[in-house]
2 protein chains.
Amino acid sequence: MVSIKDIASAAGVSISTVSYALNGSDRITKETADRIQSIADELGYVPNRAARMLKKRETMLVGVFLTDFSGNFYGDLLFGLKEELNRRDYDLIVCSGRRSHRMIPERTFDGAIILDATFADAELLGYADRGHKLVVLDRELDHPNVNQVLLDNKAGATLAVEHLLGRGLRRICAIGGPESAYDARQRMRAVRQAVERVPEASLAELPGAFDKASGYDAGPRIAEAAREGQVGVFCLNDEMAIGLCDYLRTRTTLKIGRDVHVVGYDNIELAQYMQPRLATIDYSKRKWGALAAEQLLKMIEGRPVEQERIYVRLVEGQSVGQSGL
Amino acid sequence: MVSIKDIASAAGVSISTVSYALNGSDRITKETADRIQSIADELGYVPNRAARMLKKRETMLVGVFLTDFSGNFYGDLLFGLKEELNRRDYDLIVCSGRRSHRMIPERTFDGAIILDATFADAELLGYADRGHKLVVLDRELDHPNVNQVLLDNKAGATLAVEHLLGRGLRRICAIGGPESAYDARQRMRAVRQAVERVPEASLAELPGAFDKASGYDAGPRIAEAAREGQVGVFCLNDEMAIGLCDYLRTRTTLKIGRDVHVVGYDNIELAQYMQPRLATIDYSKRKWGALAAEQLLKMIEGRPVEQERIYVRLVEGQSVGQSGL
DNA sequence: ACAAAATTGCGAAACGTTTCGATTTATTCA
DNA sequence: TGAATAAATCGAAACGTTTCGCAATTTTGT
C-alpha cells in the first residue's frame, strides 16, 4: 500500500511536506503542493483511515445504533441523518446488536445516535461519562454529553385517542409496548388522560411488545369486546395494528372500520398499503434524523445545543369509520 | 482516556507485558495476567480501535454497501450477514452513498459486501486490484479478489412467466428494470425465452426502474392492453408490482387477479399484505446474507471459496387468478 | 550444585499519519 | 551588501497498540 512516505521519496521531499501539501496547508508553495498532489494521484495514494484517526483523535464518523435492521421505519430516518452528516463531511455508519456497542468506548466514532433498545440507560450514561457524545432518540437522559430529539408522543397518542372518541366510540382499547420503552410509557399515559376526559368512555389496556405478533395475539380479546358493540383500538405502533388487522381479517368476520376501529402510530410504509388504509400518527422521520444529526454535530463541535421536538399529525384511514352511536 | 500505558504504570510492569496479558498470551504467567486484567477493568480500559487497526493491519470490520437505506428488502439480508459475521468475531457496518465509497481504499474494513448500484464495475475492480476483498451481490465480476452469491434470476423469472402461462394467459407484459442492473437483464432474458417457448404467446416489454413509480407509470399501458382481454404482467420486482396494483385499483375498474394478473419478484414484506396477495418469487434473503458473509470470511482468511447460488420458489397469490381461456 | 533449558518479562521498533519547533532558503529594506 | 525578516521545508515526536528479539529469572536434570 502506498503511503505518504512513498510519495515523499518519489517527490524528493520530507514526509511532513507531503502531509502539509496534501492537506492544503499554506506553508507549502502552490507549485510543490501541486507537484506532490499529482504524484500522489499517480501513485493512487489514499490516506490510511486508522492512522489518521489515531493521530488526530477524531474519526469523522458517526455511528447510528438500531435495535434491528428490519427497517420498516428506519429508511427515512437514516436518509435524514445521512444528508445532514454528509453535508458536514461526516460519514454515517449503521450498527446493530450488542456486540457492536463496544465500538463506542473504542472511539470508533466522534459521536453516536441511539435508537436501540439493547442499550440500557446506565450503559449510555457510562459512555457519556467517558466523554462520548450521544444523541438518544428512544429515551430521555439528563447528561451534558447526551441530547435528544423528542417525539411528541403525548400529542400523538392524544390525537389518536381523540380521533376514536370523536367518531363516537366510547369503548377504547389500547395495545401497549414493552414496559422498558420510553415511547410506550409516554403514549400510554396520554391515552389514559385522554380517555379520562370523557366521562362515559372506558379504557382497556392490553399488553404488547411493538411487534406484529403482539397485535395478532391481542386479537381474540379485541374480537370478544367487539361482539358486545363497536370498539376503538389504539395500537401504540403500526406494527401491532397490522398484526391485529391480520387477525381480525383472517380469524373473525368482524369488519375493520365498522365493528373494530383501529389506529396505529408511526405511519410506516406498510400502513398506506393496508386495506382498509390504517389510520395512524405521522411525523417526519427524515426531519427527525436531520435534527438528530445537527444536534450531534453541535455537541462534537462544542456549540450550544437547543432542545428540539418533532411534531405529529393524524393520518385518517378507513380503518376508523363512523360509529353508529 | 486510559491507555495500556496507564495500566503498565499502575501495575508496575512494561507496556508489552500489559499487551500480552490482555491478549491472553502464554508468555505471561496467569497470576500477573489476572492482576493486570483486574487493574484494566478497574481503570475502565477499552482498547483504542484506531491504534489496533493501524498496528495489526486488520480491522475486524466488514462493510456492507447498500444503494439506499429504504430497506424493504434489506432487513433479512443484513440479519443473515450479521449473524454469520458476529459468529466469527467480525462487526458489521452498513454504509450508503457515494461519499462512503472511499472507506474501502482507506482500509476501514477487512472486506466489503456490495449491493449498491452507485458502484461502477470498474471502480470495484480497481479496489480489488488494490487487494481489497469484495463480495458482490448485484453483479458478476471476474477477479481473484471478488466473489459473488448468485441469485437464480433465470429460474425465478422463468417460474414467474410460466406461472402466468400455466394459468392460460397468452398475452404477457413484463415491466423491466434499469438497463444497468444485472438482475434486470438476466430476468428479462429469461422472460423472453419462456414466452418464446409457447408459440401462441406474445410479450410486451415495458421500461421500468425497480421503483413503485415505474409500476404506477406502466399502469395506463397495462390497462389499455387489459381492455382487449386478460393480460398477465410480470413485474421484475415487487416494488413495481405494488405501484402497478396501486394504479389499477385507484385509476381503473379492472380487477387484479381477473382482468390483470400480476406477479412480482423478491417477496418483500409488503407483498404479503397486499390485497389481493401478490404472487411473487421468493428466496431466502437471510441465507443470501449468510453465504455472502461466509464467502467474504473465506477470502479474508485465504481459504478457498466455492461458488454459491440461492434458489428461488414461486409464492402464489390472488393477484394471479385462473384465466377464462 | 551447576550448567542448560525453560519460563517470564522487558525494550524498542513499527504501523501511517499530523504537527510543533527548528532550519534552510529566499526576500526585503536601509 | 548585509542584516533582518519572511517564506518554504524539514526532523522528530507523538497518537496507542503489537510483536520481535533479548535479558533476567526460575526450573530442570544430573
Side-chain angles (χ1 to χ4, degrees), chain A residues 1-37 39-40 43-61 102-110 130-132, chain B residues 1-37 39-40 43-61 89 102-110 130-131:
Chain A
M1 284 281 93
V2 25
S3 84
I4 218 179
K5 215 180 270 179
D6 303 308
I7 303 175
S9 58
V13 298
S14 74
I15 65 161
S16 51
T17 302
V18 176
S19 176
Y20 283 126
L22 260 26
N23 290 304
S25 158
D26 51 4
R27 299 176 74 151
I28 265 70
T29 63
K30 177 127 179 27
E31 295 115 59
T32 31
D34 286 349
R35 193 168 60 86
I36 289 173
Q37 182 59 254
I39 292 179
L43 264 46
Y45 170 75
V46 179
N48 181 310
R49 183 159 216 135
R52 204 207 286 264
M53 273 180 167
L54 176 59
K55 180 64 204 186
K56 298 200 71 171
R57 299 152 146 281
E58 72 176 15
T59 68
M60 298 307 277
L61 248 34
R102 62 183 162 83
M103 297 182 116
I104 295 176
E106 284 173 348
R107 292 90 112 197
T108 315
F109 316 112
D110 291 344
R130 302 171 64 110
H132 299 283
Chain B
M1 284 282 93
V2 25
S3 83
I4 218 178
K5 215 180 269 177
D6 303 307
I7 303 175
S9 58
V13 298
S14 74
I15 64 162
S16 52
T17 302
V18 175
S19 175
Y20 283 125
L22 260 27
N23 290 302
S25 158
D26 51 5
R27 299 177 75 151
I28 265 70
T29 161
K30 178 132 176 27
E31 294 115 59
T32 31
D34 286 350
R35 192 168 60 86
I36 288 173
Q37 183 61 254
I39 292 180
L43 263 47
Y45 170 76
V46 179
N48 181 310
R49 182 157 217 138
R52 203 206 286 264
M53 271 182 167
L54 176 59
K55 180 64 203 187
K56 298 200 70 172
R57 299 151 146 282
E58 72 175 14
T59 69
M60 298 308 276
L61 247 34
D89 262 340
R102 62 184 162 82
M103 299 182 113
I104 295 176
E106 284 173 349
R107 290 90 112 201
T108 314
F109 316 113
D110 290 344
R130 301 170 66 109

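Order of the sequence lines fixes the chain letters, A, B, ..., with proteins taken first and strands second; residue numbering starts at 1 for each chain. Computed over heavy atoms, backbone and side chain alike; hydrogens, waters and symmetry mates excluded. The structure presented is a predicted model; accordingly, all values stated were derived computationally and were not measured.
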Categorize B:Ser3 for me: base, sugar-phosphate, or nothing, with a 4.0 angstrom heavy-atom threshold over every strand shown.
sugar-phosphate

Please report the shortest heavy-atom distance between A:Arg35 and A:Ala11, naming the atom on each side.
NH1-O, 3.2 Å

So B:Thr17 and B:Ile36, do their side chains get closer than 4.5 Å, heavy atoms only?
yes

Do any side-chain nitrogens or oxygens of B:Thr32 fall under 4.0 Å of OP1 or OP2 in C:dG9?
yes

Protein-nucleotide distance (B:Ile4, atom CD1; D:dT19, atom P), rounded to Å:
11 Å

Protein and nucleotides 13-15 of chain D: nitrogen or oxygen contacts under 3.5 angstrom:
from   : atom 1 : to      : atom 2 : distance (Å)
D:dA14 : N3     : A:Lys55 : NZ     : 2.9
D:dC15 : O3'    : A:Arg57 : NH2    : 3.3

For D:dT9, take OP1 and OP2 only and decide whether either is under 4.0 Å from a side-chain N or O of A:Ser16.
no

Are the side chain of B:Ser25 and the backbone N or O of B:Tyr20 linked by a donor-acceptor pair below 3.5 Å?
no

Nearest-neighbour nucleotide for the B:Thr17 side chain, C:dT18, C:dC10, C:dG21 considered
C:dC10

Got B:Ser3 and B:Asn48 here, is their nearest side-chain heavy-atom distance under 4.5 Å?
no

Rounded to whole Å, please give me the gap between CD1 in B:Ile36 and P in C:dC10.
8 Å

Whole Å only: how far is the CG atom of A:Asn23 from the P atom of C:dT19?
8 Å

Nearest to side-chain heavy atoms of A:Tyr45, which nucleotide of D:dT17, D:dT18, C:dT17
C:dT17

Separation of atom CD in A:Glu58 from atom C1' in C:dT17, rounded to whole Å:
13 Å

Please find the pair of heavy atoms, one from B:Arg52 and one from B:Pro47, that lie closest to each other, and give the distance.
NH2-CG, 3.3 Å

Please check the phosphate of D:dT18 (OP1 and OP2 only) for any side-chain N or O of B:Arg52 closer than 4.0 Å.
yes

Can you tell if the side chain of B:Arg49 reaches within under 4.5 Å of the side chain of A:Thr59, non-hydrogen atoms only?
no

Given B:Asp34 and B:Lys30, is the side chain to side chain contact (heavy atoms under 4.5 Å, CB included) satisfied, shown in steps?
CA-CA 6 Å; B:Asp34 286 350; B:Lys30 178 132 176 27; 2.7 Å; yes

Measuring from the side chain of B:Arg27 (C-beta onward, heavy atoms only), which nucleotide among C:dT18, D:dT18, D:dC20 has the closest atom?
D:dC20

Counting the atoms with a prime plus P, OP1 and OP2 as sugar-phosphate, which does A:Thr29 contact under 4.0 Å by heavy atoms, base, sugar-phosphate, or nothing?
sugar-phosphate

Please tell me which of A:Tyr20 and A:Ala50 maps to the more 5' nucleotide of DNA chain C, matching each residue to the nucleotide holding its nearest heavy atom.
A:Ala50

Could you give me the CA-CA distance, side-chain angles and deciding distance for A:Ile28 and A:Val13, then say whether side chain to side chain contact (heavy atoms under 4.5 Å, CB included) is met?
CA-CA 11 Å; A:Ile28 265 70; A:Val13 298; over 6 Å; no

Interatomic distance where CD1 belongs to B:Ile28 and P belongs to C:dT8 [whole Å]
9 Å

Any side-chain heavy-atom pair of A:Arg102 and B:Val46 under 4.5 Å:
no

What integer distance in Å separates B:Asp26:CG from C:dT7:P?
9 Å

Pairwise 5' ranking along DNA chain C for B:Ala33 and A:Val2, keeping only the more 5' one:
B:Ala33

Evaluate the side-chain proximity of A:His132 to A:Arg107: yes if any heavy-atom separation is below 4.5 Å, no if none is.
yes

Watson-Crick and G-U pairing of DNA chain C written in dot-bracket, each distance under 3.5 angstrom, with | for inter-strand partners
||||||||||||||||||||||||||||||

Just the rounded figure in Å: distance from C1' of D:dT9 to CZ of A:Arg35.
12 Å

Which whole-number value in Å describes the distance from B:Leu22 CG to D:dT19 C1'?
15 Å

